[in-house]
Amino acid sequence: MHQHYTKIGIKNLLYTDTDSIYYTGETPPDITTNSEEIGTFRIEHTNENMTIWGNKTYSIADEIRAAGVWKTDLKNEDFQKGIVQTRKM
């Protein structure tokens, strides 16, 4: 992954995880994308707003991704207002 960070440029990195990189700017031509080969990337989002709240907790184009939380339980406003809701499992 570090080799990809260097190609993209550290100043362009927004968020990284084990198997993903979110960044601003263009994809460098020597990074293979949209391939089924191991070690390549697929582009899932372009020109979307991204909000990052912390590790494994972010939203892209109003789709929230938060580790350990049901996707239907959260809205962007919940994080921005600091709302916490507890439910029985």
Side-chain angles (χ1 to χ4, degrees):
M1 291 293 277
H2 185 265
Q3 66 193 20
H4 297 302
Y5 302 159
T6 303
K7 291 176 185 177
I8 291 166
I10 298 298
K11 69 181 187 315
N12 295 324
L13 293 176
L14 300 174
Y15 180 86
T16 66
D17 205 339
T18 307
D19 60 356
S20 59
I21 303 173
Y22 297 92
Y23 57 93
T24 61
E26 299 294 320
T27 301
D30 56 343
I31 293 181
T32 305
T33 59
N34 295 325
S35 174
E36 296 299 318
E37 294 179 42
I38 294 175
T40 61
F41 292 94
R42 82 176 167 262
I43 295 176
E44 295 183 358
H45 298 277
T46 59
N47 298 315
E48 300 285 355
N49 289 325
M50 180 175 195
T51 303
I52 304 164
W53 292 286
N55 294 337
K56 299 185 183 291
T57 309
Y58 55 90
S59 72
I60 301 173
D62 295 328
E63 177 187 332
I64 294 177
R65 297 182 183 183
V69 179
W70 298 105
K71 289 182 180 183
T72 57
D73 286 348
L74 298 174
K75 298 184 267 316
N76 278 331
E77 298 82 34
D78 294 338
F79 288 97
Q80 293 166 349
K81 294 178 183 175
I83 296 171
V84 176
Q85 186 175 37
T86 305
R87 294 185 182 189
K88 290 184 179 180
M89 295 187 69

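Nearest approach of Met1 to Ile21, heavy atoms of both residues: CE-CG1, 3.5 Å. When all heavy atoms of Leu13 and Tyr23 are compared, the pair lying nearest together is CA-CB, 4.2 Å.
By the side-chain hydrogen bond (donor to acceptor under 3.5 Å, both in side chains) test, Thr57 pairs with no residue at all, sequence neighbours left out. Here Tyr58 pairs with Tyr15, Tyr22 under the ring-ring contact (aromatic ring centres under 6.0 Å, His included) rule; sequence neighbours left out. By the side-chain hydrogen bond (donor to acceptor under 3.5 Å, both in side chains) test, Glu44 pairs with Arg42, sequence neighbours left out. When the side-chain contact (heavy atoms from CB on, under 4.5 Å) test is applied to Gln3, no partner is found at least two apart in sequence or on another chain. For Ser20, there are no side-chain hydrogen bond (donor to acceptor under 3.5 Å, both in side chains) partners, not counting sequence neighbours. Asp30 is linked by a salt bridge (Lys or Arg N to Asp or Glu O under 4.0 Å) to Lys7, counting only residues two or more places apart in sequence or in another chain. Evaluation of the side-chain contact (heavy atoms from CB on, under 4.5 Å) rule for Glu26 yields no partner, not counting sequence neighbours. Scanning for ring-ring contact (aromatic ring centres under 6.0 Å, His included) contacts around Phe41 gives His4, with sequence neighbours left out.
Between the NE2 atom of His45 and the CD atom of Glu63 there is a distance of 5.5 Å, given to the nearest 0.5 Å.
Pairs engaging residues 8-23 under the salt bridge (charged side-chain N to carboxylate O under 4.0 Å, His left out) rule: Asp17-Lys56 [sequence neighbours left out].
Both Tyr5 and Ile31 are members of a single hydrophobic cluster when ILVMFWY side chains are connected at heavy-atom separations under 4.5 Å.
The hydrophobic cluster analysis finds Ile43 isolated: no Ile, Leu, Val, Met, Phe, Trp or Tyr side chain comes under 4.5 Å of it, directly or through other members.
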